[in-house]
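Written below as structure tokens is the structure these notes are about.
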Amino acid sequence: MSPFVSHMDLALDQARAAAARGEVPVGAVIVDPAGRVVAAAGNRTRELCDPTAHAEILALRTACAAARSERLPGHALYVTLEPCPMCAAAISAARIARLYYGAADPKSGGIGQGPRIFSHPQCHHIPEVYDGIAAQPSEALLRTFFERLR
């Protein structure tokens, strides 16, 4: 087994780029089973006028297109913020093997908070979940973004 390599720095770069575009700073990266980055995205809901254009959804779309499949077995997703319920359901549907996320989201999270999508009996696939990965820089980025709005 190869050693663990975090791709959260790249996800944070995507989150910073989202903030620079005026989007909520969330970034996501998907890595294939061989450890290659196959998708990287930041939020684009405002830019695309699309409430589903969360970083995770955009990354899933790109990775699925690259894999030519609606499922991504063996893939890992790194995201700077706990996925919302919509993204958690998409992660399950895509059969992501491992989910790594940074900051917890008490207001809108769907995994460790709120509806806890992966614990529902209707959830067909539950990835391995690792939280708190680069939580501090993820939280700082979000806090700074929202302070500037106020």
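None of these values were measured; they are calculated from a predicted model.
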**Item:** Closest non-hydrogen atom pair between G109 and P115, with its separation
**Value:** O-CD, 3.6 Å
**Request:** Could you check if a side-chain atom of S6 sits within less than 4.5 angstrom of a side-chain atom of I133, using non-hydrogen atoms only?
**Result:** yes
**Request:** Could you tell me whether the side chain of M8 reaches within less than 4.5 Å of the side chain of T80, counting heavy atoms only?
**Result:** yes
**Message:** Quick check: closest heavy atoms across E139 and A103, and the distance to 0.1 Å?
**Reply:** CG-CB, 3.5 Å
**Message:** Any side-chain to backbone donor/acceptor pair from S92 onto H125? Under 3.5 Å, distance only.
**Reply:** yes
**Message:** Taking A93's backbone N and O only, do any of them form a donor-acceptor pair with H124's side chain (distance below 3.5 Å, no angle check)?
**Reply:** no
**Request:** Check whether any side-chain N or O of R36 sits under 3.5 Å from a backbone N or O of D32 as a donor-acceptor pair, and report yes or no.
**Result:** no
**Request:** Would you name the heavy atoms of R116 and I111 that are closest together and state the gap between them?
**Result:** CG-O, 3.3 Å
**Asked** Quick one: SG on C84 to NZ on K107, what's the gap to the nearest 0.5 Å?
**Response** 12.0 Å
**Item:** Straight-line distance of R143 CZ to Q136 CD, nearest 0.5 Å
**Value:** 8.0 Å
**Asked** Are V79 and L142 in one and the same hydrophobic cluster, where Ile, Leu, Val, Met, Phe, Trp and Tyr link if side-chain heavy atoms are under 4.5 Å apart?
**Response** yes
**Message:** With a 4.5 Å cut-off on side-chain heavy atoms, are P127 and F118 touching?
**Reply:** yes
**Request:** Would you confirm whether E56, through its side chain, and A88, through its main-chain N or O, come within 3.5 Å as a donor-acceptor pair?
**Result:** no
**H54 side-chain N/O to G42 backbone N/O, donor-acceptor pair under 3.5 Å** = no
**Message:** Give me the atom names and distance for the closest heavy-atom approach of N43 to R21.
**Reply:** O-NH2, 2.8 Å
**Prompt:** Is a salt bridge present between R44 and E23, judged by a nitrogen-to-oxygen distance below 4.0 Å?
**Reply:** no
**Asked** Any side-chain heavy atom of C123 sitting closer than 4.5 Å to one from I126?
**Response** yes
**Prompt:** For E147, does the CD atom sit with more than 12 other heavy atoms under 6.0 Å from it, leaving out its own atoms?
**Reply:** yes
**Prompt:** With distance as the sole test, does E82 use its side chain to make a donor-acceptor pair with the main-chain N or O of G112 at under 3.5 Å?
**Reply:** yes
**Request:** Is it possible for you to say whether I30 and L10 belong to one hydrophobic cluster, with membership spreading through side-chain heavy-atom contacts below 4.5 Å?
**Result:** no
**Request:** Only one of L99, V37, V31 passes side-chain contact (heavy atoms from CB on, under 4.5 Å) with Y78; say which it is.
**Result:** V31
**Asked** Looking only at side chains, do R61 and T52 share a donor and an acceptor under 3.5 Å apart?
**Response** yes
**Item:** Validation row: P51, T45 side chains within 4.5 angstrom (heavy atoms)
**Value:** no
**Prompt:** Do V24 and F146 have side chains that get closer than 4.5 Å, going by heavy atoms?
**Reply:** yes
**Item:** Polar side-chain atom of E128 near backbone of A97 as donor-acceptor pair, under 3.5 Å
**Value:** no
**Asked** Between R98 and V129, is there a donor-acceptor pair closer than 3.5 Å when you use the side chain of the first and the backbone of the second?
**Response** no
**Message:** Here's a test for you: under side-chain contact (heavy atoms from CB on, under 4.5 Å), which of L77, I57, L72 qualifies with I91?
**Reply:** L77
**Where A59 and A39 come nearest, the two heavy atoms and their spacing** = O-CB, 3.3 Å
**Request:** Kindly indicate whether the side chain of T62, heavy atoms from C-beta on, has any atom under 4.5 Å from the side chain of V38.
**Result:** no
**Fill in**
Heavy atoms of P25 and A18 approach each other most closely as CA-CB, 4.2 Å
**Request:** Would you kindly confirm whether I117 and I96 end up in one hydrophobic cluster when ILVMFWY residues are joined by side chain heavy atoms under 4.5 Å apart?
**Result:** yes
**Item:** Side-chain donor/acceptor of T144 to backbone N/O of L141, under 3.5 Å
**Value:** no
